[in-house]
Each structure stands twice: as C-alpha cells, then as structure tokens.
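I have placed the structure first, in the form of structure tokens, so that the comments after it can refer back to it.
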There are 2 protein chains.
Amino acid sequence: MQNAAATPNPNPSASRTRSRRGEGERLRDEVLDAAEALLSEVGSEDGVSMRAVAQRVGVSAAALYLHFPDKFSLMDAVCHRGFEHFASTIDAAAGSAADPLDALRRMGRAYIEFGLENPEKYKILMLQGDPERYASLPPDEMPGMDAFAMLVRRVGDAMDVGAARVADPFLVSVGVWTALHGIVTAMIVMESFPWPPVDQVIDQVVESQLRGLADGPGGPRRTKKVANRG
Amino acid sequence: MQNAAATPNPNPSASRTRSRRGEGERLRDEVLDAAEALLSEVGSEDGVSMRAVAQRVGVSAAALYLHFPDKFSLMDAVCHRGFEHFASTIDAAAGSAADPLDALRRMGRAYIEFGLENPEKYKILMLQGDPERYASLPPDEMPGMDAFAMLVRRVGDAMDVGAARVADPFLVSVGVWTALHGIVTAMIVMESFPWPPVDQVIDQVVESQLRGLADGPGGPRRTKKVANRG
DNA sequence: GACGTTCAGTGAACGCCGTTCACTTTGTAC
DNA sequence: GTACAAAGTGAACGGCGTTCACTGAACGTC
C-alpha cells in the first residue's frame, strides 16, 4: 500500500541551496509550489502534511513557519493563488455574450468548469470553512465574494434591460450561485454517482435557472418583493 | 482557549460498569451516543477524537475498536443513524401534496430543512467523501441514494400526469437535487454570508427549479432528449 | 581581517492523534 | 474448581502540527 505523501522527495534536499541574505522570500514560493503539487497529487488537505511539504522543498518542517503562521494559512495561500483569477475568468466569460441573459449562461458554465478543473482547491476554499477562522471573516473577504458581487451586478443588468423578470437581484443571485455551487460540489465529492455527461448537467442547471429568471408570456408565477442590499 | 474535546467527561467513568457477559453490544450504543453528542458540540469530524469519545463513555480508547474497525466506520455509523429516516421523512413530506408538482416543492423544502437541522452529519455524509472508501461504493449504497431514487420517481410522476415538461427525469432530478444540495451546503459552511431569510432562499431555489419543470403556454425553450437510466 | 548583528534555517522536543497488541479482569458452563 | 471466552485495559508505535533554543553563513563596520 503506497502513500503519496510518503513518497521520497522528488526534488531532494541536495538540490536546494540556502537562500542568500535578503532572498528569504524565495522559500515562500517554493513552499507554495510544493504544497500545491502535493495537494493535487494526494487530493485532500489532510494528506498534505507540513513535514511532507518541507521534505519536498528540501528544508526542515520548522522552516515553513518562517513564512506561514500555521498550516491553515499555507493551504489558504495555496488556494487563493489558484483562485486569483477566478472572478476575472468568470467575468471574462460573459464578455462575448450576445445579451445579458446569455452572459449569465456563460458565467455559469465558466464557474462550473473552473470548479471542476480545480477540485481540491475548490473543496478547501468553499467546503472546508473552518467556522472559527473563515466564517467569522467580514463578508467581503470571503473567498468568492468578488465573483458573487459580479453575479449580482449581472443579474441586475439583465433586469434593467428587461431580459429578466423584476425581482430582488440579490436573492436571485443567491439562487443561481447556490445552484452552481451545488453541482460543482456534488460532482467533485461524489465521484461514483452515475453522472450524466457534464455538458448536459451544466445545461440542465444553468438553463433551468435562466428559465426561472426570464419567464415569457406566462408572466411571473409569484411576485417577489424587491429589496436593496449592500 | 478552550477546547470542547478536552472538557472532562461529563459522564465520568465511575458511572459506567462493565457490561455483563453477552451484553457487549451495550457499549456500541453508548459509543454512538457519545460520538454524536461530541460531534454536535464540536461541529466537525476532526474535533471528535477516538480518545475523547472513549473518555466520555468512560472506557479506554482501545475498547472502541471492539465495535468499530476504525474512526471512519464510527463516524459513518453516527451519520447513518441520524439519516436513517431521511428518505422516509422526505417522502412523507410529499404525502399531503395537492399535485405532483406541489409534492416536489414539499420534498425540496423537507430536504433543505433536514440538512440544516443536521449540519454536521450532512457535512460528513455528503461533503467528506473519502474517495478511497466512499466514492468507490456501488451507487446504490451511497448515502442519499434511496432518497434520490424517490425524487426521480416523483419527477417521472409529474411528467406522466402532464404536470411537467417531458424530459429525461434522471437528468432533471440531478438538476433539482444538486440545487437543493447546493443551498444546504452553502448555508451550512458559509455561516457569515449575509443570507436572506431561509424561507425566501428555499422559495427561490425550489420555485425556480419548478418553473423550469413546468413551463406553461410558452412551451419548452429547449428540447431535451429523453433517456432511460437504471 | 576581526567583530557583532542579523537573516535563513535546524533539530529535538511537546502534546495530540489513530491504531495495535499483549495482557488482565470477569462471568459463566461444565 | 477449573477452563474458557467475553469485555476491556495500558502501553506503545508512528505520524501529526507546532515551538524553541540554537547554528552557520553573509553582511556592514571598524
């Protein structure tokens, strides 16, 4: 029985030379690289130990604490580095859209694709919420908050130009986002579920959300009160 | 800084007397009770250690291994005990419905409520998927599979009586379920998100899924091919 | 070129964890 | 009374995150 974390260092310590004076930050990047590689090899946060990361870099475990106060911060940094362009990627996807509703459709696809391409990071960032440290952050420092703000804006746009029913854009955005989040989460975690082809699932979720947004001649089935929020 | 797991045994060992011959199973239930209590106090699987469970029961840590081969099995048993009536609760919710579409609405609400009332267990069961052990289970042994099968049947019913657009019931059910799952997951994990009142969110998600299901005079915006699946 | 400082990093330890195993205690059947 | 099996113990193993006193090299200064 093999354990990926126990695999001897593929980049052994012999190769690493101590940083020169003033180059201490070099280690920080090396650590992030090693942690990221280890994470995607092992697939879960628990499988990535500080000792294993250190060994792969070719450094003692204590050295990691020169740059990260604890393991949580290290994993956090890894994930944030991976999600640096999350919001902009999603927003860019909307760029080539024909109309605001189409923009939302493209954003939805981009969100799901991004999540499925970075499963370990998505899991850690969005599912691991250590209530003590994460959940107590101010809302605007939460992981996908900038991406969410864009979604709210886009939903508002769609309503402004009459492409979507008038409703509370915040509430609608919560619905859209949780639906996207649900599909990413479920597909990541429950690998053995007999998922239909991913494109079909994306279509199903995104389209049904959009149908909900823009219901045509039938008119709204229910009136929602419009509210303003941050 | 206090650690709930380190709290001294509120049911100290003095009170427990060794089981009589043939009563070994007694310990099993006591362990499950203690683990469940600890889990809901601490809120995460990691916070529940075998030693802490044992201490609370008033027994050595090794004794737990007489009834559970490892920690995973213990947590699994705790969660399954909590979710024993998951499927039936959800199905019961549909019982009093006026029509098949209303039945789906009530099931959705029941699903979300059940999840929000058992957050730790929902997290472990649905989010912790240890790929090595869980994900490789045969599909019909996955946690909520019986509940999902009911959903597929109900969606099929709605289509049969003409209450919903004709489509692939399996695919539609995946969409409905992932949406419900998304909202439960997100609300459990991201506590500090400025959630709208839970009833509004439930309405938003469930209704938009149902609007997608039953689109009236406008007719289907897109045709889906109908497929059959186990 | 010796000196002190400071940066970059080490090695051993602490207390926790899941798990194992040789062992004891206890009740019962013969 | 004795043998046996069930019920449970205690100490240990290796791994974990983290801390802390310490070291060796590089640099500015005299």
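Naming: A, B, ... by sequence-line order, numbering from 1 per chain.
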Just how far, in rounded Å, is C1' of D/dG17 from CG of A/Asp76? 17 Å
Would you mind reading off the distance between B/Asp70 atom CG and C/dC17 atom C1', rounded to a whole angstrom? 14 Å
Rounded to the Å, how far apart are B/Leu64 CG and C/dC17 P? 13 Å
From the list A/Phe148, A/Tyr122, A/Tyr111, ring-ring contact (aromatic ring centres under 6.0 Å, His included) with A/His181 holds only for A/Tyr122
A/Arg28 atom CZ is separated from C/dC7 atom P, nearest whole Å, by 18 Å
Establish, with yes or no, whether the OP1 or OP2 oxygen of C/dC7 is under 4.0 angstrom from a side-chain nitrogen or oxygen of A/Arg18. no
With heavy-atom distances below 4.5 Å as the criterion, would you say the side chains of B/Val205 and A/Thr178 are in contact? yes
pair A/Leu32-A/Arg81: side-chain heavy atoms closer than 4.5 Å: yes
From the list D/dG17, D/dA12, C/dT20, which nucleotide is the closest neighbour of the side chain of B/Arg51? D/dA12
Nucleotide nearest B/Ala62 when distance is taken to its side chain, options D/dT9, C/dT19, C/dG9: D/dT9
Rounded off to whole Å, could you give me the CD-to-C1' distance for the A/Gln55 and C/dT10 pair? 15 Å
Taking the side chain of A/Val59 as heavy atoms from C-beta outward, which of C/dG9, C/dT19, D/dG17 is closest to it? C/dG9
From the candidates D/dC16, D/dT18, C/dG18, the one with an atom nearest any side-chain atom of B/Lys71 is C/dG18
When you check the gap from the basic side-chain N to the acidic O, do B/Asp91 and B/Arg154 get nearer than 4.0 Å? yes
Counting only side-chain heavy atoms from C-beta out, which of D/dG17, C/dG18, C/dT10 sits nearest to B/Tyr65? C/dG18
In whole angstrom, what separates A/Phe72's CZ from D/dG17's C1'? 15 Å
Can A/Asp70 and A/Ser73 be counted as having a side-chain donor-acceptor contact under 3.5 angstrom? yes
Send over the distance from B/Glu45 CD to C/dC17 P, rounded to a whole Å. 14 Å
Could you give the CG-to-P distance, from A/Asp29 to C/dA8, as a whole number of Å? 14 Å
With the side chain of B/Ser60 defined as its heavy atoms from C-beta on, choose the nearest nucleotide among D/dT18, C/dT20, D/dT9. D/dT9
Per A/Ser49 side chain, nearest of listed nucleotides C/dG18, D/dC16, D/dT9: D/dC16
